[in-house]
Asker: 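Input: one structure, supplied below.
Quick caveat, the model's predicted, so the values are computed rather than measured. Lettering of chains follows the sequences in order, A, B, ..., and the numbering in each one begins at 1.
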There are 2 protein chains.
Amino acid sequence: MSNASKTVSDVINDQFEALTRAEKQLAKSLLDNYPVSGLGSITTVAENARVSTPTVARMVQKLGFKGYPDFQSRLHQEVEATISNPLTKHDRWASNAPGTHILNRFADAIMGNLRQTLTDIDAATFDNVATLLSEPKRGLYFVGGRITGALAEYFFTHMQVIRPNTTLLSSNSSSWPQYVLNMNPGDLLVIFDIRRYEQEMVSLAAAARRRGAEIIVFTDQWASPAVKYAKHTFRVQIEAPSAWDSSVVTLFIIEALIEAVQSSTWDETSERMKTLEGLFEQTRLFRKLG
Amino acid sequence: MSNASKTVSDVINDQFEALTRAEKQLAKSLLDNYPVSGLGSITTVAENARVSTPTVARMVQKLGFKGYPDFQSRLHQEVEATISNPLTKHDRWASNAPGTHILNRFADAIMGNLRQTLTDIDAATFDNVATLLSEPKRGLYFVGGRITGALAEYFFTHMQVIRPNTTLLSSNSSSWPQYVLNMNPGDLLVIFDIRRYEQEMVSLAAAARRRGAEIIVFTDQWASPAVKYAKHTFRVQIEAPSAWDSSVVTLFIIEALIEAVQSSTWDETSERMKTLEGLFEQTRLFRKLG
DNA sequence: TGGAAACTGAAATTATTTCTTCATTTGTGA
DNA sequence: TCACAAATGAAGAAATAATTTCAGTTTCCA
């Protein structure tokens with residue numbers, strides 16, 4: 001039964017529901033700080049999980065291993081596979097050198113941010129936002145601040161291909177009232193507002209809300225004041241070993257949303273993309289002929 | 001004696017010359033594929049190194065450990081330190097979402113891209129580019145395509161704060177010749193060109209090169225044709241479980257570069273940022289008074 | 001070349017780990 | 001509330017690991 005390609009953690013997860021209370025407690029302990037927490041003796045593992053050694057022995061057999069030593073040697077193989085990954089090696093070398101390279105430090109921070117953000121994020125929120133974004137009747141507006149404007153533009157550029165009725169607000173706040181004027185109830189306004197929150201964003205959110213628009217806010221863990229008008233909020237971890245905040249994780253969520261919307265509306269979208277290809281082709285021809 | 005910060009491998013290396021023949025043989029076996037090779041029982045380790053168990057027991061004591069279990073628990077700690085590095089953790093993303101949720105699949109893909117990119121990337125290239133970018137005499141130009149334009153803009157917005165003499169090329173290629181006209185030898189042109197490579201990019205790169213500009217290209221693993229004019233190239237992994245390519249890792253490198261440049265020119269940059277703050281403040285005042 | 005010192009691993013001993021048994025506890029449905 | 005099944009851990013048995021002893025071997029120097 002035990003597929004050779006499955007990791008120990010896969011096996012634990014697969015059978016988790018079939019485990020008893022004490023075993024679940026043990027399983028959690030093993031998955032927490034996996035796979036290192038399974039490296040010690042059966043006694044140590046049992047103590048760490050606050051269960052008895054027989055519980056450990058029984059569970060590993062229940063999971064399909066011949067016994068604790070068998071279970072542990074599998075873990076050793078996984079540790080080996082993880083550690084002999086070139087990047088890990090690179091990292092170990094670099095950490096010997098004084099002052100780790102900025103690339104490594106940045107990678108560490110980003111990974112931490114991504115992990116934390118994904119832990120915090122509510123899958124239901126994500127799915128709801130994806131659904132809202134994929135309804136073509138709703139007008140779709142994007143707006144960002146000085147730094148986040150590029151993110152708004154990135155999101156906009158993709159959504160513009162996927163669906164009609166999509167608008168990017170100029171980063172110049174004096175022109176915003178005109179956009180609000182055209183919003184209808186049920187339209188969506190996607191706001192990016194990160195740290196040094198921009199005062200005008202709150203006013204914009206309030207005005208759009210009064211027009212009946214639904215508001216989605218991308219902000220940081222401290223939350224822009226605009227969230228009080230928001231139907232859905234994404235709080236993203238943005239800290240990096242830098243004088244600037246990081247937008248990497250925000251971009252990650254944007255791309256995931258793009259894909260979620262795209263795949264839920266694939267029929268129409270693929271048509272649109274074909275048409276768009278044709279238009280590009282024509283443009284090129286114009287140039288050559290002209 | 002044994003400095004707490006010394007790794008087991010350090011200890012072995014330090015005392016290597018004082019070891020006997022069989023012990024050296026064992027030491028080599030341990031260092032080869034370190035630290036995983038020391039994970040098993042004393043018997044296993046002895047067998048792998050083709051020495052007897054007493055040799056192992058004697059050597060670990062000679063190295064200053066209380067015994068084999070002591071030696072091994074030290075190794076476990078090191079494995080833990082290596083593995084619990086955020087970069088190597090790739091399981092359990094959004095714990096509340098099912099494993100097949102787009103967020104989790106995306107996270108896996110991005111992680112893979114980041115690892116691969118970091119493995120491929122040359123730290124020297126990175127440092128050289130950071131140095132080039134931080135020389136204020138060089139004019140700095142950014143250009144991107146339809147999708148990557150937002151990345152160019154993001155990079156530009158930050159660099160514009162950090163240093164003077166920075167320009168973002170319009171995404172409309174018909175205006176590019178005018179920019180090239182103003183380029184001087186030694187100026188830098190940062191090009192983003194990812195898949196569906198845009199023909200005009202190559203022409204732009206060639207023209208800029210003829211004017212004596214140095215060219216830096218951000219592209220994907222298949223490489224834009226513009227790289228043949230490039231002084232430095234970043235090849236980024238861009239594949240995602242999506243109809244679209246992912247820009248997350250590209251943004252990661254951009255942010256790391258921003259930080260590298262910023263920290264190397266902190267004195268001037270901090271002055272500039274203070275001045276900028278003052279300007280923002282004035283703008284706000286204007287509005288209130290006006 | 002002889003002999004002492006150092007090295008090595010087989011084997012015995014000791015310590016620890018792993019597994020099994022079984023009594024107690026916990027939970028569940030009649 | 002009771003009876004039964006399932007779960008759990010204490011305790012001991014079995015297995016394995018770690019250490020020590022010791023005798024054979026090698027090395028090195030006079």
Asker: Specify the separation, in whole Å, of atom CZ of A:R50 and atom P of D:dT8.
Answerer: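 Interatomic distance, CZ of A:R50 to P of D:dT8: 17 Å.
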Asker: Between B:T55 (side chain only) and B:E23 (backbone N and O only), is there a donor and an acceptor less than 3.5 Å apart?
Answerer: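 Answer holds: no.
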Asker: Does a side-chain heavy-atom distance below 4.5 Å link A:L30 with A:V8?
Answerer: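 No, side chains not in contact.
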Asker: Mind checking whether B:Q72 and B:F65 have side chains closer than 4.5 Å, heavy atoms only?
Answerer: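 Counting from C-beta outward, B:Q72 and B:F65 never come under 4.5 Å.
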Asker: Without decimals, in angstroms, what is the distance between B:E23 CD and C:dA6 P?
Answerer: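 So the CD-P distance, B:E23 to C:dA6, works out to 14 Å.
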Asker: Given C:dG9, is OP1 or OP2 found less than 4.0 Å from the side-chain N or O atoms of B:T55?
Answerer: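 Yes.
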Asker: Could you grab the distance from atom CG of B:D220 to atom CZ of B:F234, nearest 0.5 Å is fine?
Answerer: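 So the CG of B:D220 and the CZ of B:F234 are separated by 15.0 Å.
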Asker: Could you tell me how far apart B:K24 (NZ) and C:dC7 (P) are, to the nearest whole angstrom?
Answerer: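 For the pair B:K24 NZ and C:dC7 P, the rounded distance is 11 Å.
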Asker: If you draw a 6.0 Å radius around NZ in B:K62, do more than 12 non-hydrogen atoms from other residues or ligands fall strictly inside?
Answerer: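 Correct, the count exceeds 12.
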Asker: For each nucleotide in nucleotides 11-29 of chain D, reading 5' to 3', give B when a protein heavy atom comes within less than 4.0 Å of its base, S when such contact involves only the sugar-phosphate, and - otherwise.
Answerer: B-----SSBB---------
Asker: Separation of B:M59 atom CE from C:dT8 atom C1', in whole Å?
Answerer: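 My rounded result for the distance is 15 Å.
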Asker: Measuring to OP1 and OP2 of D:dA6, would you say a side-chain N or O of A:T20 lies under 4.0 angstrom away?
Answerer: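 Looking at the OP1 and OP2 atoms of D:dA6, neither is under 4.0 Å from any side-chain N or O of A:T20.
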Asker: Determine whether B:S247 and A:E255 make a side-chain contact, defined as any pair of heavy atoms from C-beta on separated by less than 4.5 Å.
Answerer: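 Yes. Closest side-chain heavy atoms under 4.5 Å.
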Asker: To the nearest angstrom, how far is B:L26 atom CG from C:dC7 atom P?
Answerer: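 For the pair B:L26 CG and C:dC7 P, the rounded distance is 15 Å.
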